[in-house]
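Taking it in order: structure first as structure tokens, then the write-up.
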Amino acid sequence: MLPWRPLGRVFLVASPLMCLMGVIMLALHQRSQLDRRATRHGNHISDQQDADRCGFRVQSDAFTRVPGSKTLLINAFREHRTANASVRLIAIVPQAERALSSRCVFCCRERGEVVTVAAKRTTHPSNYFFAYGTGDFLCPMPAGCQPRYVGLVSEDGEDLSDLTLLPVLNRRAPERSRLPLNLTLCMPSLFNHYDNVLQFVQAMELYQLLGIQKAFLYKTSCSATMETVLQYYSGKVGFLQVLPWPIGSHLKPSSSWLPSTSPGDIHYYGQIPANNDCLYRNMHQSRYVLMHDPDEVIVPTGNVSFQTLMSDLEKAHGENVNFYFPNNIFRLEEKEENSKYDLPEWKHLPGTNFLLHTLRETGGAGGKLVLDPRSVLQMEVHAVQAHFNKGRTETIGSERGLLHHVRRRKNSQPKSDLVREEGLLRMAPALVQRVNRALSRMGLLNTPPLRHGTPLMLIV
């Protein structure tokens with residue numbers, strides 16, 4: 001054991017050293033406070049350490065509240081299409097703040113200082129009469145600053161202590177021919193404890209069968225069985241990326257498209273801002289992005305894949321073009337009787353069987369989009385609201401492909417006036433095999449007992 005005296009000497013030596021460290025830490029703290037009140041200009045950051053150096057938190061939730069405002073930021077994206085380098089923030093904005101000025105806040109790691117610039121606010125036109133809608137903020141990047149994170153404050157917000165920075169996505173923009181994916185699917189939020197298990201599994205397998213390479217889904221809530229399905233397609237298969245969308249923690253979302261039908265703060269659980277976020281996420285990842293719900297699918301006419309369909313459309317219309325497929329309602333109320341695809345092993349599953357609904361209404365409104373994301377600035381559910389660089393949207397007729405939308409009836413046409421379509425039935429044998437294989441791997445396939453003499457078919 002060491003004697004007391006040497007320990008005392010150690011203490012006497014360490015004491016002034018500790019005082020010096022305290023002085024240094026106080027100086028660093030004061031410098032951090034000065035940095036927070038720093039200069040005016042801006043763009044990105046590098047990693048959490050760089051963000052910490054500027055004294056700010058980094059986004060960890062799906063939504064980030066703007067200090068001094070009711071705006072909710074979703075994500076920030078490097079904008080490669082503007083004349084000057086810039087960053088675009090996608091947001092949910094209150095209509096009451098249309099005239100509110102904001103400033104972008106950057107941590108410039110090269111300078112070691114906080115830099116801000118005036119933001120250019122754009123409130124997107126479609127909000128369906130709700131108090132909140134979609135908006136974006138364009139932030140010019142000043143020369144000599146290459147940050148990787150950005151924040152936003154209201155013009156009169158001097159206190160930055162509550163500021164949270166968002167990572168800037170899409171920092172690189174490969175040429176169109178070098179994009180990693182050709183076809184990507186974006187699906188808006190699942191909500192109200194979504195439990196349409198069978199139709200969702202059919203949709204996932206159908207999209208893959210048609211050649212879709214990746215899918216994105218925004219999730220608010222779903223059943224426990226649906227959670228098993230989502231984990232399978234995201235974790236085991238890797239086809240699906242599930243993005244949390246807890247909008248109910250910040251706003252009162254409507255479950256309809258008009259406040260008169262379902263009161264709330266925002267249309268359909270924030271469907272339009274989710275669509276715009278997904279569009280920008282995939283702007284430099286995929287040549288085309290399909291904007292669908294799980295109860296919809298575009299079936300190419302003839303025995304062709306979706307890749308072939310898009311190649312043909314591109315040859316006919318050129319690049320920088322988006323495609324609109326008019327809606328076709330396949331009534332839930334009208335069901336195929338004695339169909340060989342009314343399978344007993346699916347009857348225990350909640351949800352709709354796509355293959356039993358072959359009668360469609362004529363006429364109708366609405367439709368869905370297949371987008372070249374680099375040609376779009378803003379979109380809503382059924383239309384591109386702002387094109388970029390002479391981009392345009394072409395309507396595609398049923399001779400090329402048919403949008404199947406299985407839902408409740410929209411008009412009063414008698415059954416005798418409905419049109420029978422068998423495009424999905426053409427794909428049914430391959431689809432049934434894929435669905436059964438997936439359900440089996442999820443542990444959700446209810447295999448019926450074999451009748452005497454029935455051959456056993458293994459699903460591998």
Side-chain angles (χ1 to χ4, degrees), residues 36-43 56 59 62-77 79 81-106 114-142 150-166 168 247 249-254 257-260 263-277 279-280 376-381 383-388:
R36 287 187 178 186
R37 294 188 288 269
T39 41
R40 308 264 171 188
H41 285 52
N43 181 33
F56 300 119
Q59 179 192 44
F63 303 104
T64 299
R65 177 80 66 181
V66 175
S69 167
K70 293 183 179 180
T71 291
L72 296 171
L73 298 178
I74 303 170
N75 273 308
F77 301 93
E79 181 57 271
R81 300 172 296 179
T82 52
N84 298 316
S86 58
V87 172
R88 192 183 301 274
L89 288 81
I90 303 298
I92 295 173
V93 298
Q95 302 301 316
E97 292 185 2
R98 294 175 75 99
L100 182 66
S101 297
S102 302
R103 298 191 70 84
C104 309
V105 181
F106 299 104
V114 176
V115 182
T116 76
V117 297
K120 179 183 177 182
R121 170 196 289 264
T122 301
T123 300
H124 298 195
S126 290
N127 58 54
Y128 290 91
F129 307 102
F130 287 93
Y132 284 77
T134 308
D136 67 75
F137 298 84
L138 192 63
C139 306
M141 291 167 49
V150 63
L152 191 75
V153 293
S154 60
E155 182 67 58
D156 56 357
E158 294 296 328
D159 182 13
L160 302 184
S161 59
D162 291 332
L163 180 66
T164 298
L165 300 181
L166 282 68
V168 177
I247 195 167
S249 300
H250 302 272
L251 300 172
K252 180 185 177 183
S254 170
W257 68 287
L258 286 174
S260 58
D265 295 323
I266 191 168
H267 159 275
Y268 259 140
Y269 277 75
Q271 179 182 16
I272 299 175
N275 280 348
N276 279 271
D277 179 70
L279 172 81
Y280 275 83
V376 179
L377 292 171
Q378 304 169 21
M379 67 160 296
E380 59 115 348
V381 181
V384 175
Q385 293 177 307
H387 291 92
F388 173 75

(message) Could you tell me if the side chain of L377 sits less than 4.5 Å from the side chain of R88, heavy atoms only?
(response) yes
(request) Say whether, by atom type as modelled, one donor and one acceptor occur between the side chain of Y268 and the main chain of L258 under 3.5 angstrom. (result) no
(message) Quick one: does any side-chain atom of Q59 pair with a main-chain N or O of G151 as donor and acceptor, under 3.5 Å?
(response) no
(request) Report yes or no: does R121 contribute a side-chain atom to a donor-acceptor pair with the main-chain N or O of L100 at less than 3.5 Å? (result) yes
(request) To the nearest 0.5 Å, tell me how far T134 OG1 sits from H267 NE2. (result) 9.5 Å
(request) Check for a donor-acceptor pair, side chain of N276 on one end and backbone N or O of M379 on the other, with a separation under 3.5 Å. (result) yes
(request) Calculate, to the nearest 0.5 Å, the distance between atoms NE2 and CD1 belonging to H124 and I92 respectively. (result) 12.0 Å
(request) Walk me through it: do V150 and M141 pass the test side-chain contact (heavy atoms from CB on, under 4.5 Å)? (result) CA-CA 10 Å; V150 63; M141 291 167 49; over 6 Å; no
(message) I'd like to know if the side chain of D265 and the backbone of K252 have a donor-acceptor N/O pair within less than 3.5 Å.
(response) yes
(message) To check you understand the geometry: which heavy-atom pair defines the closest contact between Q95 and Y132, and what is its length?
(response) NE2-C, 3.9 Å
(message) What's the separation between atom CG in N75 and atom OH in Y280, rounded to the nearest 0.5 Å?
(response) 12.5 Å
(request) Spell out, as yes or no, whether a donor-acceptor pair under 3.5 Å connects the side chain of R103 to the backbone of A119. (result) no
(request) Could you tell me the separation between the CG atom of L73 and the CG atom of D277, rounded to the nearest 0.5 Å? (result) 11.5 Å
(request) Mind listing the closest non-hydrogen atom pair of A91 and T71 along with its distance? (result) CB-CG2, 3.9 Å
(message) To check you understand the geometry: which heavy-atom pair defines the closest contact between L152 and P67, and what is its length?
(response) O-CD, 3.4 Å
(message) Does any part of the side chain of L251, heavy atoms only, come nearer than 4.5 Å to the side chain of L72, both counted from C-beta?
(response) yes
(message) With heavy-atom distances below 4.5 Å as the criterion, would you say the side chains of I74 and F63 are in contact?
(response) yes
(message) On a heavy-atom basis, which atom in Q378 and which in T122 lie closest, and how many Å separate them?
(response) NE2-CG2, 3.3 Å
(request) Measure the spacing between CG of L89 and CG of L166 and express it to the nearest 0.5 Å. (result) 6.0 Å
(request) Mind listing the closest non-hydrogen atom pair of F137 and S102 along with its distance? (result) CE2-OG, 3.9 Å
(message) Apply side-chain contact (heavy atoms from CB on, under 4.5 Å) to residues V87 and F77 and explain how you reach the verdict.
(response) CA-CA 6 Å; V87 172; F77 301 93; 6.0 Å; no
(message) Return the OG1 to CZ distance between T164 and R65, rounded to the nearest 0.5 Å.
(response) 12.0 Å
(request) Step by step, work out the side-chain contact (heavy atoms from CB on, under 4.5 Å) result for Y128 and I272. (result) CA-CA 10 Å; Y128 290 91; I272 299 175; 3.7 Å; yes
(request) Apply side-chain contact (heavy atoms from CB on, under 4.5 Å) to the pair V381 and W257, showing each step before the final yes or no. (result) CA-CA 10 Å; V381 181; W257 68 287; over 6 Å; no
(request) Check for a donor-acceptor pair, side chain of E380 on one end and backbone N or O of Q385 on the other, with a separation under 3.5 Å. (result) no
(request) Heavy atoms only: give me the nearest S86-P140 pair and the separation to one decimal. (result) CB-CA, 4.0 Å
